[in-house]
Amino acid sequence: MISRSIGILFLHGYTGGRYELQPLFDYLKSRYEFEYEFPVYPGHGTILDLKSVGGEDWYEEAQSAYVNLKRRVDRVHIIGFSMGGVFASHLAQDEPVEKLLLIAPAFEHIRPSKIDKLHLIPRHFGEHMKMKKYQKVKKRLRDVPLKAYQEFRNIMAAKKEGIESIQAKTLIIHGMQDLLVPYESSVEIAKRIPDASVELIEDAPHLFAFSDHNQLQLNILAERFLFLEKM
């Protein structure tokens, strides 16, 4: 049998960077051979500068990375976190993608008035606040101009339609203690994608990479889906 080369496109979230998916990347790369692209959207990364860039700039960076990867491999998998999950699902509508892994995809966002519907208890908030890296992210968000937030909302609205046409085998992973994106949105999205399933992690927050226990669960689910499950 002829071996077909595999490439994985890693797409991070809004105001984020590679660090959001770096633990998963390191885990998979230590165990499997694959080509990859791991773009950082304009204005994102360790230092935020979102004043002169917008949603289409971010999506075009993701699209360009896909094109570069597809030139080098036979099969493409995409892993998208949060906003990157929405970008990944949009790419999969028009481009050949074999497997699509969406991690807490930001098809909706939680308004403060709706947090009570998550049925959180004080321990859940405490777990979020104990994450030192989460506190650093919170400080960085002060550098996000209002225009950039509106760009985020606009690009999400523009890119979340048409998911019924996705042909890639799809897995959606979402934490049930996500304070930013409601896990119910992933349950509904999975119903609309023809070959999709959803895995809910009971005590996981939005930022999987900042919790060792949740990261381990994510690593195992991703490995099983991308490399151990047969098409």
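Keep in mind that this is a model prediction, so the values were computed, not measured.
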For this session: First locate atom CD1 of Ile166, then atom CG of Leu100, and finally report the distance between them rounded to the nearest 0.5 Å.
Result: 5.5 Å

Seminar exercise, completed: By side chain to side chain contact (heavy atoms under 4.5 Å, CB included), Gln217 pairs with (sequence neighbours left out) Ile201, Asp203, His213, Asn214

Exercise. Stepwise, does the ring pair (Phe, Tyr, Trp, His ring centres under 6.0 Å) test hold for Trp58 with Phe152?
Worked result: CA-CA 10 Å; Trp58 309 332; Phe152 165 70; 7.7 Å; no

For this session: Would you check if the distance from the ring center of Phe208 to the ring center of Phe81 is below 6.0 Å?
Result: no

Exercise. In Å, rounded to the nearest 0.5 Å, how long is the span from CG of Leu101 to CG of Leu221?
Worked result: 8.5 Å

Problem set entry | Flag side-chain contact, heavy atom, 4.5 Å: Leu9 against Pro39 | yes

For this session: Count the heavy atoms of every other residue, nucleotide or ligand shown that sit under 6.0 Å from CD of Glu33, and state whether that count exceeds 12.
Result: no

Exercise. Would a 4.5 Å heavy-atom cut-off, applied to side chains only, mark Asp212 and Gln215 as touching?
Worked result: no

Exercise. CZ of Arg72: more than 12 outside heavy atoms within 6.0 angstrom?
Worked result: yes

Seminar exercise, completed: What one should report as the nearest heavy-atom pair of Phe227 and Leu28 is CE1-CD2, 4.0 Å

Exercise. Looking only at heavy atoms, what is the nearest atom pair of Ile193 and Ile163, with distance?
Worked result: CG1-O, 3.9 Å

For this session: Mind checking side chain to side chain donor-acceptor pair (under 3.5 Å) for Thr170 and listing every partner two or more places apart, or none if nothing turns up?
Result: none

Exercise. Counting only N and O atoms by type, is there a donor-acceptor contact under 3.5 Å from the side chain of Glu37 to the main-chain atoms of Ser64?
Worked result: no

Problem set entry | Worked check of side chain to side chain contact (heavy atoms under 4.5 Å, CB included) between Glu35 and Ser5 | CA-CA 8 Å; Glu35 292 286 320; Ser5 58; 5.8 Å; no

For this session: Of all the heavy-atom pairs spanning Leu226 and Lys99, show the shortest one and how long it is.
Result: O-NZ, 3.6 Å

For this session: State whether the number of non-hydrogen atoms from other residues, nucleotides or ligands found under 6.0 Å of Tyr36 atom OH is greater than 12.
Result: no

Exercise. How long is the span from the CD atom in Glu20 to the NE2 atom in His44, to the nearest 0.5 Å?
Worked result: 8.5 Å

For this session: Sequence neighbours left out, what passes side chain to side chain contact (heavy atoms under 4.5 Å, CB included) with Arg18? Give chain and number order.
Result: Gln22, Phe38, Val40

Problem set entry | Sub-4.5 Å side-chain heavy-atom contact between Ile155 and Glu56 | yes

Exercise. Is a donor on one side and an acceptor on the other found under 3.5 Å between the side chain of Ser30 and the backbone of Tyr27?
Worked result: yes

Exercise. Between Tyr32 and Ile6, is any pair of side-chain heavy atoms under 4.5 Å apart?
Worked result: no

Exercise. Where do Gly55 and Glu151 come nearest, in terms of heavy atoms and distance?
Worked result: N-OE1, 2.8 Å

Problem set entry | Main-chain N/O of Phe34 paired to Lys29 side chain as donor or acceptor, under 3.5 Å | yes

Exercise. Which hydrophobic side chains are connected to Leu216, either touching it within the sub-4.5 Å cutoff or through other members that do?
Worked result: Ile220

Seminar exercise, completed: With sequence neighbours left out, the residues meeting side chain to side chain contact (heavy atoms under 4.5 Å, CB included) with Pro96 are Tyr66, Lys70

For this session: Starting at CD1 of Ile78, measure out to CG of Leu91 and round the result to the nearest 0.5 Å.
Result: 5.0 Å

Problem set entry | Any donor-acceptor N/O pair, Tyr41 side chain to His12 backbone, under 3.5 Å | yes

Exercise. From Lys191 NZ over to Ser186 OG, what is the distance, rounded to the nearest 0.5 angstrom?
Worked result: 12.0 Å

Exercise. Nearest 0.5 Å, what's the CD-CD distance between Glu184 and Glu108?
Worked result: 8.5 Å

Exercise. Which heavy-atom pair separates Pro105 from Val181 by the least distance, and what is that distance?
Worked result: O-CG1, 3.3 Å

Exercise. When you measure from the side chain of Asp57 to the backbone N and O of Gly54, does any donor-acceptor pair fall under 3.5 Å?
Worked result: yes

Exercise. Of all residues at least two apart in sequence or in a different chain, which pass the side chain to side chain donor-acceptor pair (under 3.5 Å) check with Ser89?
Worked result: none

For this session: Mind listing the closest non-hydrogen atom pair of Gly85 and Leu102 along with its distance?
Result: O-CD2, 3.4 Å

For this session: Check whether any side-chain heavy atom of Glu229 sits under 4.5 Å from a side-chain heavy atom of Leu171, and report yes or no.
Result: no

